[in-house]
Amino acid sequence: MLKRIASGILIVTVALIAQAQTYTWRNVQIYGGGFIVGIVFNQTEPNLVYTRTDIGGAYRLDNATGRWVPLLDSISWDDWNLTGVASIATDPVNPNNVYIAAGTYTNEWTTQNGAILRSTDRGATWQRTMLPFKIGGNMPGRGAGERLVVDPNRNSVLYLGAPSGNGLWRSTDSGVTWSKVTSFPNAGNYVQDPADPNGYLTDNQGLYWVTFDKRTGTPGNATQTIYVGVADRGTSIYRSTDAGTTWSAVSGQPTGFLPHKGVLDTTGGFLYVAYSDKGGPYDGEHGDVWKLNTATGAWSLISPIPSSNTNDNFFGYSGLSVDRQNPNTIMVTGYSTWWPDTQIWRSTNGGSTWSRIWDWTRYPSRSFRYTQDVTAAPWLKWPATPLCGGGRPGAEVNPKLGWMTESLEIDPFNSNRLMYGTGATLYGSTNLTTWDQSPTSQITIRVMAQGIEETAVQDLISPPSGAPLISALADITGFRHNDVNVVPTAQAAPVRGMSVSLDYAELSPLYIVRAANGDTANCEKSLAVSTDGGTTWAAVSSQPSGLTGGGSVAVAATGGGKIVWSPAGVGVFYTTGGGKTWTASTGIPAGARVASDRVNANKFYGFKSGTFYVSTDGGKTFAARATGLPLNGPVRFKAVPGREGDIWLAGGAEWDNTYGLWHSTDSGTSFTKLANVEEADNIGFGKAATGQTYVALYAAAQVAGVRGIFRSINAGQTWVRINDDQHQWGRAGETALTGDPRIFGRVYVGTNGRGILYGDGQ
C-alpha cells in the first residue's frame, strides 16, 4: 500500500520478518582510546580487578589471558546514559559481588537518573536500582573517588557519595534499596564554572570518596569508623565513629584544596589524602599531599613538591595508592602536569622522601626511571604537533607517560604490579620494585589495555578496495585498519583531534577525504586528503575562513580533487583542485549535511531541516527538492553504490512523525517512508546476498517495537535483527554504521565509548 503525504513523498507499507539472525560480534582492535577513570582491585581475592571509563562502561580483567572483559554491553538504546560509570565497588567479603554507580551526565543532556547496578556473578549479569538523582560518570571531577564502597566487615552495607548536592547515601540490603544519610553535614559546594552556558561545568561536584577503617569492625558487624571526602575547599574531610550514625569534621585538617583521593593504611593507621585546587581531570594548578595519623589526630604535609613552591608546583595531586604488602610505600600522580609529561612519585618511607619517574637534568633534557613499551598499541606514539610561532621544543618524548592520570593502583597482593589510567589508554608495570634498587633503576611500563575499546566513533567507511575499514574518531583522530583484528600502527595524520566525517570516491576508492575539528592555533587544518587509501594523508593547502569545526565532507564518485565540504560555522563550499582553493556553493544553507552520488561525479546531495538539496554541477549550485523530511534530530543519508540517484535517509526525533527510514530513487526529488521501520537513525550498505542484485541494508533502527541493528537483503521489504539483548552497546550505530562491500553479512558499528564493533553472519 502506498500513500502520498507531501511534496512527492510516499509512505510504503511492506511485509516484515522480525526473526533474529545469529551473528558473531567482536571489537575492531585498537586497545584503549579513551579516559581510564578508575582502577579497583579486590582486597581479598588476588587478580580480581575492575576498571571504569567515563562513557564506555566497565571491565573486569581476565587474568589468564591478560584481556579485559566488557561488562555493560547489554545497556540498551534508551538507557545509553548508564554506559557512564562514576564508581565501581568490588565486595571484599564475597568477591562474586560487584556494584556500579552508573550514569553519564547530571545536566540537561539526559533526562535519566543514575542507577546502582549490582551483580552476583562478577558482572556477567546485572540487576538495577534507579536513584532519585542523576550520576555523572562523564562530568567534571570524575577522576576522584571511589564514591561507591562496600563495608569490608558487613558487606550488605554500601555507601555512595552523590554529586549535585545530594549528599551521602546508604544501602543496608546489598544495594537493593537506598536512603539518604540525613546526619551527614556537608553535600559539597565546589562548582567548576557557575557561568557555563552549556550547564556542563555548573554542577556541584558533591562527595568524592568514602573510605572505611576496617580495623573498627568485626566480620558480620558494621565498620564503625568511616571517612568521607567532600568537594569543598574549606572543611572537606568528615568522619563517623559510630557506623555512620553521626558525623563530624576531622580536626586540624588542611583547607584551600579539594580532596581527590583518600586512602587508609590499615596497618599503620594513616589516612593519606591527595589534594588539588580544581576538580579535574583537565584542570589543576596547585595541590598538596597530607597524611593523618588516625591515632593521634596529627596531620603532616608530605607533598613531593608542596604548593608553597609556586615555581615547581603547577598541578594537582591524584592517583594515590598504598602498597598493601609494604604500607610505607605510597605513590601519587601529578594528574594535571600536561607538559612535558604527567608525573608520578614514589615514597618508601611514608612520604618523608620521594623519587619521581622523570627528572630534569639540564633543560630540555630529562632523566627517566622507566622504559616504555607500546608495541601492543603503537599508535600511542602520537603524531608530532606543528607549533605556530615557537613553543617549548625538545622536552617532550614520544610516547608520553600519559595525561589525566587520576587513577593509579598498586596490586594489593603483588608489589611489583602497577596499573594507571590515562586519557588514552591503560598502562602498567610488573617490575615496579625495580624502581627502588638504585637512583638509575628503570621499571618497564607497557600497555595493559588489551580488550578495552573506548573510542567514541564519529564515522566509518569500508571502501570496495584497499583497507577494509577506515574510521573517524573523537580525541584520537582515526585509523586505517588493514586487518580489523590487528591494532593499527599509527593514527591518521596530519589532521588530529576529533575527526567527524569521511568519504571515498566510489569509482576511485583510494581517494579519501577526512574532515576534523582542527586546531588552527597549532597550524592544523580541518580537512585532509589521501590518494593511497588512507595510508598517508596531506592537509588541504587552504580552507574557508571562519570555520569552527569539520562538519561533513563528500568527494565526487571519480575523485580527482572534486570535493564538497560543509564545515561547521560557515557555509557549504566546493573545490575542483583538492582543496587548493574553495568557492562558496549557492542554494544550500550553512550547516547542511552533504554526500555524493556514487555514480555521477557531478552530482552531490545536501540535507538540512527537513529539506533535501541536489547539485548537478559538482557542488557549484544546489536546488531544493523534497521537503517534509525529518525536521528535528540528527539525520544521516547515503547514496547507493552503482545506482545513480538511489538514496537512503534515516533520522528524526521521537516526537516527530517523520522519524524513520526514507528512500529515494530519483535523486531526492521524492522520498518514500518505510512503514515497517518505526524509528531509524543510521543506514549502511554492504555486499548483496547470494541471488540478490541490491546491496544489503544495515540500519540502527526500531522494528516491530524492538530496538537494534537490523539487516535487509531485499531493499527494505523485510528486516531481521542481527544483534541481541546482550550486545546493544547503548546507542550503537547512531553516528557510524556501514556494511562491508566485499564480505556479505559483515557490518561495522560505531559506538560512543565502546569502540567499533563488527558483526559476521549469513
> Just by modelled atom types, is the Gly745 backbone N or O under 3.5 Å from a matching donor or acceptor in the Arg711 side chain?
Replying inline: no
> Can any side-chain N or O of Ser712 pair as donor or acceptor with the backbone N or O of Thr718 at less than 3.5 Å?
Replying inline: yes
>> Taking Thr477's backbone N and O only, do any of them form a donor-acceptor pair with Ser499's side chain (distance below 3.5 Å, no angle check)?
In response: yes
>> Keeping Ser74 on the side-chain end and Asp725 on the backbone end, is there a donor-acceptor pair under 3.5 Å?
In response: no
> Are Thr110 and Thr104 close enough, and set up right, to give a side-chain contact (heavy atoms from CB on, under 4.5 Å), and what steps lead you there?
Replying inline: CA-CA 8 Å; Thr110 181; Thr104 307; over 6 Å; no
> Can you name the closest pair of heavy atoms from Asp54 and Glu454 and give their distance?
Replying inline: OD1-OE2, 3.0 Å
> If we ignore angles and hydrogens, is there a donor and acceptor under 3.5 Å between the side chains of Asn138 and Tyr105?
Replying inline: yes
>> Using modelled atom types and a 3.5 Å cut-off, is there a donor and acceptor pairing between side-chain atoms of Ser526 and backbone atoms of Gly518?
In response: yes
> Would you say Lys525 and Ser541 make side-chain contact, with heavy atoms under 4.5 Å?
Replying inline: no
>> With no hydrogens and no angle check, just 3.5 Å: does a side-chain donor-acceptor pair link Asn107 and Lys134?
In response: no
> Taking all atoms of both residues into account, what is the closest heavy-atom pair of Ala696 and Phe744, and its distance?
Replying inline: CB-CE1, 4.3 Å
> Within a strict 4.5 Å, meaning less than it, do heavy atoms of the Thr575 and Val540 side chains meet?
Replying inline: no
Hey, can you pull the donor-acceptor pairs under 3.5 Å for the side chains in residues 544-560, sequence neighbours left out?
from	atom 1	to	atom 2	distance (Å)
Thr548	OG1	Ala568	O	3.3
Ser552	OG	Val594	N	3.1

>> Return the OG1 to CD distance between Thr665 and Glu644, rounded to the nearest 0.5 Å.
In response: 12.0 Å
> What pair of heavy atoms forms the shortest contact from Ala590 to Gly571, and how long is it?
Replying inline: CB-CA, 3.7 Å
>> Holding to side chain to side chain donor-acceptor pair (under 3.5 Å), I want the full list of residues that pass it with Trp379, two or more places apart in sequence or in another chain.
In response: none
Could you pull out all donor-acceptor pairs under 3.5 Å where a side-chain atom in residues 703-710 meets a protein atom, sequence neighbours excluded?
from	atom 1	to	atom 2	distance (Å)
Arg707	NH1	Asp681	OD1	3.2
Arg707	NH2	Tyr659	OH	2.9
Arg707	NH2	Glu679	OE1	3.1
Arg707	NH2	Asp681	OD1	2.6

> Which is it for Thr83 and Arg731 under the side-chain contact (heavy atoms from CB on, under 4.5 Å) test, yes or no, and what are the steps along the way?
Replying inline: CA-CA 10 Å; Thr83 60; Arg731 294 212 161 188; over 6 Å; no
>> Rounded to the nearest 0.5 Å, what separates atom CZ in Phe35 from atom OG1 in Thr53?
In response: 10.0 Å
>> Given 3.5 Å as the limit, does a donor-acceptor pair link the side chain of Ser615 with the main chain of Lys603, or not?
In response: no
> Rounded to the nearest 0.5 Å, how far does CD1 of Ile75 lie from CG of Asp73?
Replying inline: 9.5 Å
> Would a distance-only check, ignoring hydrogens and angles, find a side-chain to backbone donor-acceptor pair under 3.5 Å from Asn682 to Gly733?
Replying inline: yes
> With a cut-off of under 6.0 Å to the ring centre and 45° to the axis, is Arg746 in cation-pi contact with Tyr23?
Replying inline: no
>> Is any side-chain heavy atom of Thr616 closer than 4.5 Å to one of Asn602?
In response: no
> Is any NZ, NE, NH1 or NH2 atom of the basic residue among Arg598 and Asp503 found under 4.0 Å from an Asp or Glu carboxylate oxygen of the other?
Replying inline: yes
>> To check you understand the geometry: which heavy-atom pair defines the closest contact between Asp78 and Gln112, and what is its length?
In response: O-NE2, 4.4 Å
> When you look at Asp617 and Tyr574, which way does the side-chain hydrogen bond (donor to acceptor under 3.5 Å, both in side chains) test go after all the steps?
Replying inline: CA-CA 10 Å; Asp617 56 8; Tyr574 72 94; over 6 Å; no
> Are any side-chain N or O atoms of Glu453 and backbone N or O atoms of Ile30, one a donor and one an acceptor, separated by less than 3.5 Å?
Replying inline: yes
>> Could you tell me if the side chain of Val747 sits less than 4.5 Å from the side chain of Trp25, heavy atoms only?
In response: yes
>> What I'd like to find out is whether the side chain of Lys687 reaches to under 4.5 Å of the side chain of Pro741, using heavy atoms alone.
In response: no
> Between Val749 and Tyr698, does a side-chain contact (heavy atoms from CB on, under 4.5 Å) hold up when you go through it step by step?
Replying inline: CA-CA 10 Å; Val749 179; Tyr698 299 92; over 6 Å; no
>> Measuring only between side-chain heavy atoms, which start at C-beta, is Val513 closer than 4.5 Å to Trp565?
In response: no
>> Any non-hydrogen side-chain atom of Trp582 less than 4.5 Å from a side-chain atom of Val570?
In response: no
> Closest approach of Tyr605 and Gly645, non-hydrogen atoms and distance?
Replying inline: OH-CA, 3.4 Å
> Could you walk me through whether Arg593 and Ser566 pass the side-chain hydrogen bond (donor to acceptor under 3.5 Å, both in side chains) check?
Replying inline: CA-CA 7 Å; Arg593 191 171 187 88; Ser566 178; over 6 Å; no
> Does the pair Leu502 and Tyr504 meet the rule for a side-chain contact (heavy atoms from CB on, under 4.5 Å), with working shown?
Replying inline: CA-CA 7 Å; Leu502 291 164; Tyr504 65 91; over 6 Å; no
>> Could you measure the distance from the NE2 atom of His481 to the OH atom of Tyr758? Nearest 0.5 Å is fine.
In response: 10.0 Å
>> Strictly distance-based, threshold 3.5 Å: is any side-chain N or O of Ser530 a donor or acceptor partner for the main-chain N or O of Thr536?
In response: yes
>> If I take atom CG from residue Asn723 and atom CG from residue Leu757, how far apart are they, to the nearest 0.5 angstrom?
In response: 9.5 Å
> Ser501: what forms a side chain to side chain donor-acceptor pair (under 3.5 Å) with it, not counting sequence neighbours?
Replying inline: none
> Which atom pair, heavy atoms only, marks the closest approach of Pro488 to Phe479?
Replying inline: CG-CD2, 3.3 Å
> Which residues satisfy the side chain to side chain donor-acceptor pair (under 3.5 Å) test with Arg128, sequence neighbours excluded?
Replying inline: Asp79
> Is the backbone of Gly579 close enough, under 3.5 Å, to the side chain of Ser542 for a donor and an acceptor to pair up by distance?
Replying inline: yes
>> The criterion is ring-ring contact (aromatic ring centres under 6.0 Å, His included); which residues satisfy it with Tyr200, sequence neighbours excluded?
In response: Trp109
> Relative to each other, are the rings of Phe612 and Phe637 parallel, tilted or perpendicular (30° and 60° limits)?
Replying inline: perpendicular
> Taking the side chain as C-beta and beyond, is there a heavy-atom pair between Asp646 and His663 under 4.5 Å?
Replying inline: yes
> Are Thr658 and Asp656 linked by a side-chain donor-acceptor pair shorter than 3.5 Å?
Replying inline: yes
> How far does CH2 of Trp662 sit from OG of Ser670, to the nearest 0.5 angstrom?
Replying inline: 11.0 Å
